[in-house]
Amino acid sequence: MVRYGAVAVLSFSTKVISLLDLIVIGGSAGGLSVLVEAVRNLPRDLPAAVCVALHTSAGGPGLLSQIVGRQTALSCADAQDGGEIRPGMVYFAPVDRHLFVEPGRLRVTYGPRENGFRPAVDPLFRTAAKAYRSNVAGIVLSGSLGDGSLGLAAIKQAGGVAIVQDPAEALFPSMPLAALRGVDVDHVVRAAEIGPLIASLTNGAPPRGAVMSDDVSPADPVERGGDLSVAAPEGHLIPVTCPECGGSLWERDDGRQVVFRCHVGHAFNGESLVQYLSAEVEVALWTALRILEEHALLQERMAERSRAVELNASAEQFGGRAQESRRQAETLRKLLLHEPPSSSTETKIE
């Protein structure tokens, strides 16, 4: 047994035996090399299909299937909407598209981002849990923030197998650690052990006594493409707006994980929402700095014009306002550059 903080998980040596039809894998930064290592030694006759969602840039070349395909005996391809899911295939979420599954079929959609990503890991995992129940395994690889943890929880809740790359070897351990905090993970394994574990699970006996729930996915707005006619997300409304679209956010907390979701389907865990809002704060502060400097410049020009026509009182008024704006701008600039304000520039920004 391996223990991470308060989370105890089973290691590879105490594996859960399960007969699997589908393996879903998600990762972000540092995940590609782990994926290659995982599939390199999988047999050509693997009796399960593999679906992969890796965070990629919307403008990327979309070469994941080619890169991985050169390293494995399995056939690799970009997922096609409506395509049949076949054993021995590795399907990749296309660039800037979500990948999710129905029983025996792939679905590809330009749905709302989750945790700021499209493709995102959670929609793939969540739909796999709904479609394949106990016959699916989810694997969370290296990556930043916490995408994948909610989807892995859905897989576990459906009776599937939850697997996480060992955070100790992950280049970016945030995604594995988030999964460990939020899910009773079955296996924590190193990259070299993922392939053998997949092979073992896909050739094992069906699980017995798996605890499953009929409601593995209480809110799936990504799959419905932002249909506003559907009821609002579960949870309670909070006074924070969605950083993607400006809509209202609902918060749902199951005791171990929290998700924030807007009506059209943008979703965030706590870490990703904080990151988004932090970026918005920075943009707002730089905008405020620009406005203050422009305000000071305009006041200085008005002061010059007033002096030119001997309107000294107006010139003095404009000049004083310009100096105040300059002081405020300097204070804000020091804040943005992480410089402590000096005693001479401690001016309140109004």
Side-chain touch L273/P243, heavy atoms, less than 4.5 angstrom: yes
Hydrophobic cluster membership, V259 vs L177, 4.5 Å side-chain cutoff: no
All ring-ring contact (aromatic ring centres under 6.0 Å, His included) counterparts of F92, not counting sequence neighbours: none
Heavy-atom side-chain contact between L145 and S272 under 4.5 Å: yes
Approximate separation, where rounding is to 0.5 Å, of L337 CG and L332 CG: 9.5 Å
Distance, nearest 0.5 Å, that separates CG of L298 from CZ of R321: 11.0 Å
Co-membership, hydrophobic cluster, residues F318 and L297, 4.5 Å side-chain: no
ILVMFWY cluster, V283 and L277 together (side-chain gap under 4.5 Å): no
Donor-acceptor contact present, side-chain N115 to main-chain F117, <3.5 Å: no
Interatomic spacing from CD in E316 to CZ in R307 - rounded to 0.5 Å: 10.0 Å
Residues that D81 engages under side-chain contact (heavy atoms from CB on, under 4.5 Å), provided they are two or more places apart: R107, V108
Polar side-chain atom of T127 near backbone of P123 as donor-acceptor pair, under 3.5 Å: yes
E193 side-chain N/O to R190 backbone N/O, donor-acceptor pair under 3.5 Å: yes
Cluster link I238 to F268, ILVMFWY, side chain under 4.5 Å: yes
I155 vs V24 side-chain heavy atoms within contact, under 4.5 Å: yes
Separation of L99 CG from L124 CG (nearest 0.5 Å): 5.0 Å
In one Ile/Leu/Val/Met/Phe/Trp/Tyr side-chain cluster, 4.5 Å: V274, V281: no
Donor-acceptor under 3.5 Å (R118 side chain, H98 main chain): no
Spatial distance of atom CZ (R113) from atom NE2 (H266) [nearest 0.5 Å]: 6.5 Å
G146 backbone acceptor or donor facing S174 side chain under 3.5 Å: no
Candidate pair E304 and R301, rule salt bridge (Lys or Arg N to Asp or Glu O under 4.0 Å), full reasoning: CA-CA 5 Å; E304 291 176 3; R301 292 174 67 88; 6.0 Å; no
Donor-acceptor under 3.5 Å (N135 side chain, L20 main chain): no
V121 and M175: CA distance, side-chain angles, deciding distance, side chain to side chain contact (heavy atoms under 4.5 Å, CB included) verdict: CA-CA 10 Å; V121 179; M175 280 179 59; 4.2 Å; yes
Least distance between heavy atoms, G265 atom then E114 atom: O-CG, 4.3 Å
Set of side-chain contact (heavy atoms from CB on, under 4.5 Å) partners for E282, sequence neighbours left out: W286
Any side-chain heavy-atom pair of D184 and Q157 under 4.5 Å: no
All salt bridge (charged side-chain N to carboxylate O under 4.0 Å, His left out) counterparts of E294, not counting sequence neighbours: R290
Side chain to side chain, C242 and F260, heavy atoms closer than 4.5 Å: no
Nearest atoms (heavy-atom pairs only) where P176 meets L141: CD-O, 3.6 Å
Those residues that, when tested against S142, pass side chain to side chain donor-acceptor pair (under 3.5 Å) (two or more places apart): none
For C76 against G69, the heavy-atom pair lying closest together: SG-CA, 3.6 Å
Pair Q299-S325, side-chain hydrogen bond (donor to acceptor under 3.5 Å, both in side chains): steps then yes or no: CA-CA 9 Å; Q299 297 281 11; S325 293; 5.8 Å; no
Y132 side chain reached by I85 side chain, heavy atoms, under 4.5 Å: yes
Show the atom names and distances, to 0.1 Å, of all donor-acceptor pairs under 3.5 Å that link a side chain in residues 29-55 to residues at least two apart or in another chain.
{"unit_1": "E37", "atom_1": "OE1", "unit_2": "R40", "atom_2": "NH1", "d": "2.8"}
{"unit_1": "R44", "atom_1": "NH1", "unit_2": "A73", "atom_2": "O", "d": "3.3"}
{"unit_1": "H55", "atom_1": "ND1", "unit_2": "S28", "atom_2": "OG", "d": "2.9"}
{"unit_1": "H55", "atom_1": "NE2", "unit_2": "D147", "atom_2": "OD2", "d": "2.6"}

Side-chain donor/acceptor of Y91 to backbone N/O of R86, under 3.5 Å: yes
More than 12 heavy atoms from other groups under 6.0 Å of CD on E280: yes
Donor-acceptor contact below 3.5 Å, side chain T202 vs main chain I198: yes
Verdict with supporting geometry, K334 and E330, salt bridge (Lys or Arg N to Asp or Glu O under 4.0 Å): CA-CA 6 Å; K334 288 183 178 293; E330 182 62 21; 3.7 Å; yes
Donor-acceptor pair between Q257 and S149 side chains, under 3.5 angstrom: yes
Heavy-atom closest contact (P94 atom, A79 atom, distance): CG-O, 3.5 Å
Nearest heavy-atom neighbours spanning V95 and A58: CG1-O, 3.2 Å
Heavy atoms from other residues, nucleotides or ligands near CD of E310 exceed 12 (cutoff 6.0 Å): no
Separation of I139 CD1 from F125 CZ (nearest 0.5 Å): 7.5 Å
4.5 Å side-chain heavy-atom contact, E293 and L289: yes
Side chains of K156 and D186 in contact at under 4.5 Å (non-hydrogen atoms): yes
Closest non-hydrogen atom pair between V136 and A129, with its separation: CG1-CA, 4.3 Å
